[in-house]
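Working notes, structure below.
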Amino acid sequence: MTKKYWLMKTEPDTFSIDDLSSRPNKTECWDGVRNYQARNFMRDDMKKGDLVLLYHSSCKVPGIAGIAQVVKESYPDHTSWDHKSAYYDPKSTEETPRWFMVDIKFKKKLKTYLPLTKLKEIPQLKDMILLKKGSRLSIQPVTQEEFEFITQELS
DNA sequence: GCCAACGTTGGC
DNA sequence: GCCAACGTTGGC
């Protein structure tokens, strides 16, 4: 199986690339995803070793901040049956979990942060899901060409 | 804070 | 299965 590439959104006020890099083992479980399409990508398609662009959303300058790697493949998101969690979903139980997560590990920050405004100007990136009008998908596939262009040419 | 676009829910 | 109403995302 060849390596795949992804983009995952996070709100830096809640959890930023620096938070990831300062975690013990630089690893974090990606809990709280409550969208079926994003869940399916994590549950079915994300494999250990896949590379991830970390995107900062809902902030002053949205954009791509760094690179992470999938280190643990999908397993049930326990926050979904935790009554005290903000991510609690009564339809998800330990016996029949509805939501899943993966673990990712910090790889590096981009040398230069890539703001959304800049990404929009790059012809090679015009087909990125991120840049499609109305796209809100928080976990999305990225092509190898897009990934390499972003990490090698732009940063 | 606004609002367009999208996703989900639930009555029928 | 349709679709109106509501909730959420996320750029601006």
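A/Val142 is not listed as a side-chain neighbour of A/Leu51, based on a closest heavy-atom distance of 4.5 Å or more.
Residue pairs meeting the ring pair (Phe, Tyr, Trp, His ring centres under 6.0 Å) criterion with at least one member in residues 46-71 of chain A: none, sequence neighbours excluded.
Taking atom CD1 of residue A/Ile129 and atom P of nucleotide C/dG11, one finds them 15 Å apart after rounding to whole Å.
When heavy atoms are screened at a 4.0 angstrom cut-off, A/Lys60 is found touching no nucleic acid atom at all.
Side-chain atoms of A/Asp19 and A/Ser16 form a donor-acceptor pair, as typed in the model, at a separation below 3.5 Å.
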Can you give one letter per nucleotide of nucleotides 1-10 of chain B, going 5' to 3': B for a protein heavy atom under 4.0 Å from the base, S for sugar-phosphate only, - for none? ----BBSSS-

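Proximity of the aromatic rings of A/Tyr87 and A/Trp81 is defined here by a centroid distance below 6.0 angstrom, and this criterion is not met.
For the residue pair A/Ile104 and A/Ala68, the shortest heavy atom distance occurs at CD1-CB, 3.9 Å.
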